[in-house]
Structure formats: C-alpha cells, structure tokens
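The structure presented is a predicted model; accordingly, all values stated were derived computationally and were not measured. Just the heavy atoms: all of them, side chains too, but no hydrogens, waters or symmetry mates, feed the values below.
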Amino acid sequence: MRLNLSSQIVFNKVPEEFYNPKTAVERSEITRAEHIPTDIYPTVDEGAARIADAIVAEIKAKEMLGKYCVLGLGTGQSLTPVFNELIQRYEKKQVSFANVVVFNAYEYFPLSPDSQHSAISQLRDRFLSHVDIPDQNVYTLDGTISQEAVQSHCRLYEQRIQTFGGIDVMLLGIGRIGNIATNEPGSTLTSPARIILIDATSREEMTMSFGSQEPVPPCSITLGIADILAARKIFLTAWGEEKADIIRMTVEGKITDAIPASFLQTHNDAHVVIDLPAASKLTRIIHPWLVSSCKWTDKLTRAALVWLCQVTGKPILKLTNKDYNENGLSELLALYGSAYDANIKIFNDLQHTITGWPGGKPNADDTYRPERATPYPKRIIVFSPHPDDDVISMGGTIQRLVKQDHDLHVAYETSGNIAVGDEEVTRFMHFVNGFNQLFMGDKDETIKQMYKDIKHFLANKKDGDMDTQDVRTIKGLIRRGEARTACTFNKIPLDHVHFLDLPFYESGKIEKLPMTEKDVDIVRNLLTTIKPHEIFVAGDLADPHGTHRKCTDAVLAAIDLEKEAGAEWLKDCRIWMYRGAWAEWEIENIEMCVPMSPEELRAKRNAILKHSSQMESAPFLGNDERLFWQRAEDRNRGTAALYDSLGLASYEAMEAFVEYKPL
C-alpha cells in the first residue's frame, strides 16, 4: 500500500537538467541567480541521503585522524529525515558515532526543570537516543537558568565549542520567516549566542515540534549568526512547497538581517539541500527561460506568457514581438512564428479552463470543456479534511453542483476536535444541562455528573493539558453540527453527509498518529459504496498542520488500491484537487476555474459562517489575522482579478482546480 502518493504529485514536470545538471558549466549557467550552492532532489529521501553522506564522510575522516567530529544540530522537523537516514546507517553498522560531539543549536527559555518539551529532549527523541554518541559528548544550552545568568552561560557555551576546535558540520532547518536556529529577523551578522524573543510565526512552527497544545516558551537561548558562520561546513534543509518562498529569498535575494538565513551567502562552504517542491520558486525552476534554453511544453508556455503579462502590465492579446524579445522569450517567437500566434494559443487555453458547469454540461460539446458532459447527473464525492474545508475551498462550486442536480456527497475526513475552543464546550454543556433541567425535570443523572466533571476539568485545565475523551467527543460533535448546518444551507441531504473520523487524527494532540491502512480502508469503503464519477480532494499540501496531506494520502492510496484491483467505476471517474485557506494554484496549472457572481460569493461566505466555532475563537487560525471566510474571499477574488488582468472574462471571484491522474 502506497501511503505517500501526494509527495509524487508533480504539476510541472521539471526537466532533470534544471535540478541535476551534468556538468559544472551547466550548473553555473542555470544557477546564475543563486548566491548559495543549492542542491535540488526529486524526493526528501534523496536529499536527506545526500546530507547523511557528507556527515558520515566527515565522521570517518575525523576518526581516521583520531579526532572528534563536532556537529551543531537544530531540532526542526526538516531535520527528521536526515536524522532517520543517519540512524538507519548506524543500525546497518555503516557508521559509529562514538567520536562525535554534539552542540545543540538552541534551547527554549524559560523552562521548568521537569519540562518534557525542551529542544534537547526533542533532539534525543529524534536522533541522539538511537545512536552511540556518548552522553558526555552531548552539550546543550540550559533553559532552566535565571535570566541574569544567561549572558555568562552563553559565553561559556561558545568557549566550550572552541575547546573542541569549533563546529565541523552545522545542520539546520529554516523557518518560514528565514530564521536559522532561533535567530529571528533583525539578527545581525555578528550576533553571538544570546537570549531572544521568539516570533509569533516561529512559535506556531515550534508548536508542531512540541506535538501538543502546550504553549512554546516566549524566548530561546540560541547560537548566534556569528557562531553558525564559524562552522566549517553548513547544511540548510527545507522540504515542501510551504518553504518555497523563503528558500527563494534566502538563496536568490539580497543579504539582509530581515532574513537571517541570507547571511549564509557569506560562508564559503554553505549548502542548501531541498526537494523539488521547496525549490519551486527558484528562477531555474519557475522561470527557466531566464537562465537557459527550454523545451517548451504548453504549461511552460502558459507560465511564460502569464509572467510576461505581469512584467509588461499588458493582457495576453496585446503582447508584441518586441515584448517577447526584450524579456528573453525570443525562443517562443521562433516556435510559434509570431507573438500573435502564441498569444492566441495561450489565451484560448486559459479561456477553456473557465466553466460554470464543474460537473460537465449535459447535451453540450465537451471538446474544450474541463469536465465531460456524460454521464449526467454524476455521483460526486467532496473529501474535506476538516469539517469546514469543503465550503472554504470550493463552496461556490458545491452550490453549482447541487443546483445542476448532481448526486453530491460530502465526506468529512477528521473530527476537527482539537480546533475547538474550551468556551464552545462550556456553552454547549450549559445548554445540555439547561435542557435536562427544563425538559427532563433534572432527572438524568448521567448528564448532571458529566456537566460537573467537565466543568471541573475545564476550570482546572492548564495550558498544554490534553482534553479528556469526553471533551474531545463534545468538540467533535460541535463541529459535526456546524458541518450539517452548512450542508443543509447548501441543500445537501444529510444522508449524503459522511463523517469518517479517520483514526490518525485522534491523538488529542497537534502531532497526529501515523496514517495507516485503517484510515485508507475507511475511505475505500466509501468510494466502493458510492462509485463516484467525480472526486474532489484537498491539494493544499502546504497546510501548516499537516492534516490535509495525510487526508489526501489516504484518498489517493484508496484510489490506488482500486486501480490495482481493476475497479470499473474508476475508469469513468475524474479526480480534481482544490486549494483552500492557505494557498492558491499557480495559473499555469489551473485546469478548471469556476466563476462566482457577487451573490454566489455571499452565499459561500454564509456557508463558511455556519462554522461558528472557527471564527475569532478558533485555536488554529495561524499567524494570518484574517478569518477563514476573509481568506477565501481574498483568494477567490485574486484569482478572478488575475484572469481579468490577462484579458479574459471578468468575474467577481473564481475557484480553481487541478486534475489528479492516478499514478
């Protein structure tokens, strides 16, 4: 069973020469916009293996000389694949870590002496406890000391590093705001080890590392930029498209204290190691025509013309031969013969993505339509990772599908119970208790006792405490009720609303359980029962909490099993991926775009607002201050504005989709 198919989704097939050049000359040509040596790999595992190769080689070289190999290690989630690779090599007896000394790059502050969520404990859990590094060779900053002692503690820590001859290899991840270790924006080139206030975005990322809702301490004691740059070799890792923007700014942007990772440009042996999604905003990947000759596909041509429109401020049909020549696209003129011919081709391609019939228009010529006309009506499943992603991501499209008489089912994959505030539980328990008193004569002793127990638990609940099973169940019921209300508003019959409650989600913590065959079987049972003609699934894999990716992996794994089994229904089924609150599809990848009128957009907003627990009080709105309905409207209006700027039809808002073809 393939449980990670989402990692193999490639929207624009990148020619290998752009991420794996064969010669130094080719590399120098395509990396001309990059200021740090950057290695791109098709998968995370290949990138992690590359770093592990270098670390193992360094350890063995030092061992031959009878010396210690000194490693500086961060603890971010980006480093886990590297740690796993090193552990595997140790278990296979390919390397010993007996001559390794480790310096922890940062530690949270302040920490209580019994804290279970220190950075060093994370490092031990993920790496140190699984290999043979002697305990006495592991050094860490101390988050339990008094604030007055921090400065002298930092100086002693730096001196300890020097007694071992300095750091041989520094291994770090990068935060979404460009922090390395916890050197936040504003850190200078010469900053030493010190205490620093953790930025809100970094705190959100670190909460994922904690794996619970316990708040991240407000500060950190961290090695400074100067300490990091003093290492003889530095590896910076990032995986996934959520890191693409900051990698582009770090590798191709100016050196600035607004992006501390950009200081690595000054180091003579720093290396950025990333996968293709994390590299997706680098010039050689997103705009390859600026660095080399290209093999022009329809998608690449579309991307180039949209870029040219944005550079020139012109719609597609007004682009001229001069515009092409002056902006490095003369190859396209040679390929198409003229700007006019290229313009018409791409204009028509984009025009054909727009449809008001997301389920296909019956009795119509579907040659140039995104979705086929038959069968009609279609059986359709919308998979929603959380109980509101359906309306946030494709609420307007859902309304169209219902109005056009398709047999629409919505499958909510997780309970969403950790994303409900305690005050919502209190409000509903007051209602239940009042109902018991008014209509049951206060006779139901179970309700009375549960009311007391939950009231007592919430009154004594501390930050980071996991909810009891009863509280989680109530929170899940709250979200179920909101989802049913939204579906009723959208005129979806309640017997077409499915709550899958996939087991991987039910950890009670931010960090979820591994996705397993049990999750896939639940999804597969629904698919084989309904046998849909059309499936909509989450494609916003940059969801910062990772739930969307696991939910999509469960759906794709179930489809994969059905394909292997030769399921007849799958031969007549199309799969569309949507994006939601976190990102939008790049226009060159959009294959179906559903327009919305102002009234339809308002109706979509009203459906989102039915999820009242997810408004101002939701625990995981993220660093974006906009509410989910505001994010959705801004994204949908932005897509419509982009189509408008290219000279296509002008709409109030649009929802975009990309087709997934089973591998």
Salt bridge check: are [X] and [Y] linked by an N-O gap of less than 4.0 Å?
{"X": "Lys361", "Y": "Asp366", "value": "no"}
{"X": "Lys475", "Y": "Glu424", "value": "no"}
{"X": "Arg479", "Y": "Asp388", "value": "yes"}
{"X": "Arg379", "Y": "Asp572", "value": "no"}
{"X": "Lys345", "Y": "Asp349", "value": "yes"}
{"X": "Glu659", "Y": "Lys661", "value": "yes"}
{"X": "Lys512", "Y": "Asp519", "value": "no"}
{"X": "Arg574", "Y": "Glu534", "value": "no"}
{"X": "Arg579", "Y": "Glu241", "value": "yes"}

With [X] via side-chain hydrogen bond (donor to acceptor under 3.5 Å, both in side chains) - residues at least two apart:
{"X": "Arg605", "value": "Glu633"}
{"X": "Tyr505", "value": "none"}
{"X": "Glu655", "value": "Thr397, Lys604"}
{"X": "Glu252", "value": "Thr283"}

Residue set satisfying ring-ring contact (aromatic ring centres under 6.0 Å, His included) with His498, at least two apart, ordered chain then number -> His409
Which word best sums up how the rings of Tyr368 and His352 line up, parallel for under 30°, tilted for 30 to 60°, or perpendicular for over 60°?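 Parallel: the ring planes of Tyr368 and His352 meet at under 30°.
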Which pairs pass salt bridge (charged side-chain N to carboxylate O under 4.0 Å, His left out) with one or both residues in residues 391-418, sequence neighbours excluded?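 Every salt bridge (charged side-chain N to carboxylate O under 4.0 Å, His left out) pair that includes a residue of residues 391-418, provided the two are not neighbours, is Arg400-Glu600.
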Any donor-acceptor pair under 3.5 Å linking the side chain of [X] with the backbone of [Y]?
{"X": "Lys378", "Y": "Pro375", "result": "yes"}
{"X": "Thr353", "Y": "Leu350", "result": "yes"}
{"X": "Asp275", "Y": "Ala278", "result": "yes"}
{"X": "Lys531", "Y": "Thr528", "result": "yes"}

Derivation of the ring-ring contact (aromatic ring centres under 6.0 Å, His included) call for His406 and Tyr376: CA-CA 7 Å; His406 293 287; Tyr376 178 83; 5.2 Å; yes
Side chains of Asp390 and Tyr578: donor-acceptor distance under 3.5 Å anywhere?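 There is no such pair between these side chains.
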